[in-house]
Amino acid sequence: MTAVRSLVFVLWLYLSMALFAVGLSPALLLPHRYAMGVIRGWARFCLFGLRWIAGVKVEFRGLEHRPTGAALIAGKHQSMLDVIAPFAILPDNCFIMKKELRPLPFFGWFAWKTGMIAVDRSAHSKALKEMVKQARTRFAEGRQILIFPEGTRTPLDASPDYKPGIAALYRDLDCPCVPMATNSGVHWPAHGFRRYPGTVVYEFLPAIPAGLKRAEFMAQLEERIEGASGALLPAPGPDSWRC
């Protein structure tokens with residue numbers, strides 16, 4: 001039954017993406033907030049389907065720490081859902097994406113229209129400078145910049161590998177950083193089509209203050225995100241982690 005429900009949800013997910021992108025594409029000709037409204041509406045529609053088709057509820061915690069103005073957010077990345085869910089709760093979210101996704105029809109167009117930060121990861125130091133430059137612009141616009149410090153989705157049992165991009169943004173923007181923990185990989189694994197019933201939690205943690213030395217900041221960030229994300233995982237057992 002889980003496999004059938006998962007397959008139905010995946011079909012529903014991509015069909016809804018196409019319907020929203022094509023049917024509401026005129027928003028691309030309007031000011032930024034209309035295109036962002038399309039993305040936000042689709043994200044909430046996605047969470048609705050995830051709950052009622054696949055039996056996966058999404059819960060947001062620590063809302064007292066959720067930023068509403070210009071902010072830097074660093075999140076644990078276990079699932080594709082991590083890119084979708086924040087749009088349902090943040091007023092003007094802007095995430096850092098692979099530049100290769102920019103040319104894609106509709107998805108790439110909406111990403112361009114809403115000012116998502118596209119990075120060519122093969123360019124290394126040049127990419128880092130370009131990311132910081134774009135982030136500075138988005139921050140000045142009052143956006144909430146979301147970055148996944150590990151750079152890619154990681155299975156539940158993988159060791160954390162935090163990249164230097166988050167440290168560069170933290171230093172250049174000279175602002176607090178809000179960590180965001182999750183257990184999304186338990187119910188929407190990094191790979192495969194199965195979705196497992198239960199509750200996905202996104203938890204905003206108290207902000208790490210601005211001005212820390214790089215090593216201290218990175219240590220605090222990893223400790224907080226990994227500790228809080230680990231606390232959301234089920235107790236160890238034969239069926240606890242599905243990778």
Next item on the list: Step through the shown structure and confirm whether more than 12 heavy atoms of other residues, nucleotides or ligands are within 6.0 Å of CZ on Phe60.
Entry: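 Enclosed: over 12 neighbouring heavy atoms sit under 6.0 Å from CZ of Phe60.
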Note to self: Does atom CD (Glu223) have a neighbourhood of more than 12 heavy atoms from anything else shown, all under 6.0 Å?
What the structure shows: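 Counting other residues, nucleotides and ligands, CD of Glu223 stays at 12 neighbours or fewer.
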Shortest non-hydrogen contact from [X] toward [Y]:
X: Phe193; Y: Ala3; answer: CE1-O, 3.5 Å
X: Gly75; Y: Leu146; answer: N-CD1, 4.1 Å
X: Tyr170; Y: Cys177; answer: CD1-CB, 4.1 Å
X: Arg61; Y: Leu232; answer: NH1-CD2, 3.7 Å
X: Arg143; Y: Cys94; answer: NH2-CB, 3.5 Å
X: Lys76; Y: Glu226; answer: NZ-OE2, 2.9 Å

Measure the spacing between [atom1] of [X] and [atom2] of [Y] and express it to the nearest 0.5 Å.
X: Ile225; Y: Ile208; atom1: CD1; atom2: CD1; value: 7.0 Å
X: Ser25; Y: Phe20; atom1: OG; atom2: CZ; value: 13.0 Å
X: Arg153; Y: Leu81; atom1: CZ; atom2: CG; value: 11.0 Å
X: Phe95; Y: Ile117; atom1: CZ; atom2: CD1; value: 10.0 Å
X: Asn93; Y: Arg40; atom1: CG; atom2: CZ; value: 9.0 Å
X: Phe148; Y: Gln78; atom1: CZ; atom2: CD; value: 10.5 Å

Identify whether [X] and [Y] are in the same connected component of the hydrophobic contact network (ILVMFWY, side-chain heavy atoms under 4.5 Å).
X: Val186; Y: Val201; result: no
X: Leu221; Y: Leu212; result: yes
X: Met1; Y: Val8; result: no
X: Trp52; Y: Tyr14; result: no
X: Val4; Y: Leu15; result: no

Hey, are the side chains of [X] and [Y] touching, using non-hydrogen atoms and a 4.5 Å cut-off?
X: Asp92; Y: Gln144; answer: yes
X: Leu90; Y: Phe204; answer: yes
X: Arg51; Y: Leu47; answer: no
X: Pro149; Y: Met218; answer: no
X: Ser79; Y: His187; answer: no
X: Val200; Y: Asn183; answer: yes
X: Cys46; Y: Leu13; answer: yes
X: Ile84; Y: Trp42; answer: yes

Check: If you measure only the distance, is there a donor-acceptor pair under 3.5 Å linking the side chains of Gln134 and Arg138?
Finding: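 On atom types as modelled, these side chains do not qualify, holding no pair under 3.5 Å.
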Next item on the list: Would you sort out whether Tyr202 and Asp82 count as a side-chain contact (heavy atoms from CB on, under 4.5 Å), showing the intermediate values?
Entry: CA-CA 9 Å; Tyr202 288 97; Asp82 306 335; 2.6 Å; yes
Next item on the list: Answer with yes or no after comparing the ring centroid distance for Phe9 and Trp188 against a 6.0 Å cut-off, counting only values under it.
Entry: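 For Phe9 and Trp188, the ring centres are under 6.0 Å apart.
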Next item on the list: Please assess Leu169 against Phe139 for the test side-chain contact (heavy atoms from CB on, under 4.5 Å), listing each intermediate value before the final yes or no.
Entry: CA-CA 10 Å; Leu169 291 178; Phe139 191 83; over 6 Å; no
Notebook entry, point to check: Step by step, would you call Met131 with Leu128 a side-chain contact (heavy atoms from CB on, under 4.5 Å)?
Noted result: CA-CA 5 Å; Met131 179 185 71; Leu128 188 60; 3.5 Å; yes
Next item on the list: Not counting sequence neighbours, list each pair that qualifies as a salt bridge (charged side-chain N to carboxylate O under 4.0 Å, His left out) and has a residue in residues 173-195.
Entry: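 Not a single pair qualifies under salt bridge (charged side-chain N to carboxylate O under 4.0 Å, His left out).
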Margin query: Under a 3.5 Å distance rule, please check whether Arg66 uses its side chain to pair with a backbone N or O of Ile89 as donor and acceptor.
Written below: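 Checked: pair present.
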Check: Judged by atom type as modelled, is there a donor-acceptor pair below 3.5 Å linking the side chain of Arg214 to the main-chain atoms of Pro164?
Finding: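 Checked: no pair found.
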Item checked: Aromatic ring pairing Phe48/Phe45, orientation class (parallel under 30°, perpendicular over 60°, tilted between) ->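 Parallel.
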